[in-house]
Amino acid sequence: MFYYVNGDFDLHLALMGGQAFRWQSNEGGYRGVIGGLSLEVSQHQGLFRIQVGNRGNHEKLSGEDICRYLEWYFRVDENSQGIRAILCEDQVLAPIVRNLGVLRILRQDPWECIVSYICSIDSNIPKIRTNIGNICRLFGKEIPTDSGVTEHAFPPMQVIADSSEEELRSLGLGFRAPYLLKTAQNLVSGEFDFSEMRRQNIDKVRADLQTLPGIGPKVADCVLLYSLDRLDAFPIDRWVRRAVSNLYFRGEPIPDKDIKAWALVRFGALSGYAQQYLFEWSRSEQIREAPIR
DNA sequence: AGCCAGGAGAATG
DNA sequence: CATTCTCATGGC
């Protein structure tokens with residue numbers, strides 16, 4: 001089953017930029033798994049094509065349902081050129097936005113997102129990908145594909161909650177293992193309602209997320225931005241911290257709380273997109289000055 | 001060898 | 001109460 005969507009996309013930026021960690025480039029395209037859905041995505045002059053390889057545990061979904069879900073995931077209804085135009089009103093951001101391709105924020109599953117960014121603590125993108133891959137291989141349901149490669153669905157939170165710290169450590173999670181285990185156990189207790197979180201005040205949701213072990217200000221903002229539809233979230237990592245300092249404050253170190261307040265005023269509802277462009281710029285620059293903080 | 005999409009808890013001012 | 005320090009882990 002194929003599904004075509006109008007272009008205006010940079011798949012490499014969206015899928016390999018460090019938002020999602022289950023995609024790998026694959027002769028001209030990208031192969032990945034969303035939830036339990038095995039996909040292959042490729043770009044063809046102005047269009048991009050999605051091939052649904054296997055529905056895994058989503059057999060009950062119709063083709064239309066899957067299409068709607070993919071529209072949701074890739075945010076195809078979004079006017080990315082309009083967003084770029086608004087961001088370009090910022091004289092510092094303008095050249096960065098124009099030089100990078102069309103950047104989109106994927107709409108991921110909150111549980112997957114929480115796991116991914118707990119794994120991201122004091123880590124790096126290749127290692128996060130390895131960790132997430134290991135978690136899916138050990139705990140995720142197998143998804144047979146036509147190409148013969150066996151993919152793995154992302155495991156439900158109950159499976160992780162029923163695992164052990166030793167098991168998670170064996171996957172290379174290190175000190176993040178107890179964080180993930182306890183957070184999964186807290187989540188299955190049922191006190192957290194992600195659909196309710198979508199409607200609540202962002203500060204309330206951020207505070208609730210931060211009650212989970214291993215989720216502090218940065219991870220909470222990643223979950224808000226990448227999975228709970230809060231484009232006004234502004235996750236501050238060392239790359240963004242460096243970019244803001246160098247681009248806007250002459251290299252002067254700025255406390256995170258000040259950056260957060262500054263970003264809200266400067267970028268408002270599009271803070272998340274500004275952050276993503278700054279993140280990509282900072283990483284492409286590879287500034288080797290004294291690290292901020 | 002040193003760096004890397006931070007968080008938690010204790011110590012300090 | 002706010003800021004700073006230290007620690008845990010593993011791959012590249």
Side-chain angles (χ1 to χ4, degrees), chain A residues 13-24 100 103 105-106 108 110 112-135 137-138 164-187 206-228 230 233-246 252-261 263 271-293:
Chain A
L13 273 180
L15 300 178
M16 307 301 280
Q19 292 184 53
F21 304 96
R22 296 215 65 196
W23 293 90
Q24 53 186 19
L100 284 171
L103 203 159
I105 305 285
L106 300 173
Q108 302 182 64
E112 283 197 39
C113 203
I114 286 174
V115 177
S116 298
Y117 285 93
I118 284 179
C119 289
S120 83
I121 299 173
D122 196 22
S123 187
N124 50 67
I125 291 176
K127 183 165 182 288
I128 301 167
R129 304 178 78 90
T130 302
N131 288 157
I132 298 300
N134 287 342
I135 289 172
R137 254 188 303 282
L138 183 59
S164 67
E165 180 178 332
E166 293 70 35
E167 228 171 350
L168 294 175
R169 278 184 182 272
S170 74
L171 303 178
L173 289 186
F175 62 85
R176 305 161 195 86
Y179 290 159
L180 179 54
L181 180 61
K182 287 173 192 164
T183 284
Q185 290 170 345
N186 285 359
L187 285 176
R206 186 184 285 119
D208 285 348
L209 286 171
Q210 286 184 197
T211 64
L212 293 165
I215 299 190
K218 194 273 176 181
V219 174
D221 267 6
C222 285
V223 174
L224 284 165
L225 176 59
Y226 300 129
S227 74
L228 291 176
R230 296 306 174 96
F234 193 84
I236 302 170
D237 56 51
R238 58 186 78 193
W239 297 100
V240 170
R241 198 177 289 130
R242 195 175 301 174
V244 170
S245 169
N246 286 330
E252 180 187 349
I254 312 292
D256 286 357
K257 60 176 178 60
D258 295 339
I259 295 181
K260 194 170 281 291
S271 290
Y273 272 98
Q275 182 269 358
Q276 202 65 26
Y277 276 106
L278 290 171
F279 175 72
E280 289 294 342
W281 176 85
S282 193
R283 281 172 54 80
S284 66
E285 281 300 296
Q286 297 189 344
I287 301 169
R288 295 301 177 204
E289 297 171 9
I292 311 298
R293 218 140 101 118

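Every chain is numbered from 1 and lettered A, B, ... according to where its sequence line falls, protein lines coming before strand lines. What you are looking at is a predicted structure, and each value in this text was computed from that prediction instead of being measured.
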Peer 1: From the set dT3(C), dG7(B), dC4(B), return the single nucleotide nearest to any side-chain atom of Lys257(A).
Peer 2: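 In terms of side-chain proximity for Lys257(A), the closest of dT3(C), dG7(B), dC4(B) is dT3(C).
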
Peer 1: Starting at the 5' end of DNA chain B, which residue's closest nucleotide do you reach first, Gln210(A) or Phe279(A)?
Peer 2: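 The residue closer to the strand's 5' end, by nearest nucleotide, is Phe279(A).
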
Peer 1: Can you check the distance between dC12(C) and dG7(B), where both ends of the measurement are the P atom (answer in whole Å)?
Peer 2: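 That atom pair is separated by 24 Å.
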
Peer 1: Mapping Thr130(A) and Asp122(A) to their closest nucleotides on DNA chain C, which lands nearer the 5' end?
Peer 2: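 Per heavy-atom nearest nucleotide, the more 5' residue is Asp122(A).
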
Peer 1: So which one's nearest nucleotide on DNA chain B is more toward 5', Pro213(A) or Asp237(A)?
Peer 2: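 Comparing both residues, the 5'-ward one is Asp237(A).
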
Peer 1: Salt-bridge test for Asp122(A) and Lys127(A): reply yes if a basic N is under 4.0 Å from a carboxylate O, no otherwise.
Peer 2: no

Peer 1: When you measure from the side chain of Ser123(A) to the backbone N and O of Ser120(A), does any donor-acceptor pair fall under 3.5 Å?
Peer 2: no

Peer 1: For Ala177(A), is there any backbone N or O sitting under 3.5 Å from a side-chain donor or acceptor partner on Arg169(A)?
Peer 2: no

Peer 1: Can you check whether Gln19(A)'s main-chain N or O pairs, donor with acceptor, with Gln108(A)'s side chain at less than 3.5 Å?
Peer 2: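 At least one qualifying donor-acceptor pair exists.
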
Peer 1: CZ of Arg238(A) versus P of dG6(B): gap in Å, rounded?
Peer 2: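 My rounded result for the distance is 5 Å.
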
Peer 1: Between dG11(C) and dA8(B), how far apart are the C1' atoms? Round to whole Å, please.
Peer 2: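 Pairwise C1' distance, dA8(B) against dG11(C), rounds to 23 Å.
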
Peer 1: Using a heavy-atom cut-off of 4.0 Å across all strands, would you classify Gly18(A) as base, sugar-phosphate, or nothing?
Peer 2: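 Result for Gly18(A) = base.
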
Peer 1: Is there a donor-acceptor pair under 3.5 Å between the side chain of Thr211(A) and the backbone N or O of Ala207(A)?
Peer 2: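 No, Thr211(A) side chain to Ala207(A) backbone: no donor-acceptor pair under 3.5 Å.
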
Peer 1: Please work out if Glu280(A) contacts a base, only the sugar-phosphate, or nothing of the nucleic acid, heavy-atom cut-off 4.0 Å.
Peer 2: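 Touches nothing.
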
Peer 1: I want to check one thing: is the phosphate of dG7(B), taken as OP1 and OP2, less than 4.0 Å away from some side-chain N or O of Arg176(A)?
Peer 2: no

Peer 1: Whole Å only: how far is the CG atom of Asn134(A) from the P atom of dG11(C)?
Peer 2: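 Result: 9 Å.
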
Peer 1: Applying a 4.0 Å non-hydrogen cut-off, can you work out what Val240(A) is touching in the nucleic acid: base, sugar-phosphate, or nothing?
Peer 2: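 Val240(A): no heavy atom of the nucleic acid under 4.0 Å.
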
Peer 1: Just how far, in rounded Å, is P of dG6(B) from CG of Leu180(A)?
Peer 2: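 For the pair Leu180(A) CG and dG6(B) P, the rounded distance is 17 Å.
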
Peer 1: Write down the distance between CG (Leu173(A)) and P (dG11(C)), rounded to a whole number of angstrom.
Peer 2: 11 Å

Peer 1: Over all strands shown, is Pro217(A) touching base, sugar-phosphate only, or nothing at heavy-atom distances under 4.0 angstrom?
Peer 2: sugar-phosphate

Peer 1: Distance check needed: dA8(C) C1' versus Lys182(A) NZ, whole Å only.
Peer 2: 12 Å

Peer 1: Both distances below 3.5 Å, Watson-Crick or wobble geometry, any strand: find the nucleotide opposite dT9(C).
Peer 2: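 The base-pairing partner of dT9(C), which may sit in any strand shown, does not exist here.
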
Peer 1: The side chain of Arg242(A) lies closest to which of these nucleotides: dT9(C), dG7(B), dC4(B)?
Peer 2: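 The nucleotide sitting nearest to the side chain is dC4(B).
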
Peer 1: Find the distance Tyr179(A):OH to dC7(C):P and express it as a whole number of Å.
Peer 2: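 Tyr179(A) atom OH is separated from dC7(C) atom P by 14 Å.
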
Peer 1: Expressed as a whole number of angstroms, how long is the span from Ile128(A):CD1 to dC3(B):P?
Peer 2: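 Nearest whole value for this atom pair: 18 Å.
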
Peer 1: Under 4.0 Å, heavy atoms only, any strand: does Leu225(A) hit a base, just the sugar-phosphate, or nothing?
Peer 2: nothing

Peer 1: How close or far is atom P of dT9(C) from atom CD1 of Ile118(A), stated in whole angstroms?
Peer 2: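 In whole Å, dT9(C) P and Ile118(A) CD1 are 17 Å from each other.
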
Peer 1: Among Ile121(A), Leu181(A), Leu180(A), exactly one meets side chain to side chain contact (heavy atoms under 4.5 Å, CB included) together with Leu173(A). Which residue is that?
Peer 2: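 Passing option: Leu180(A).
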
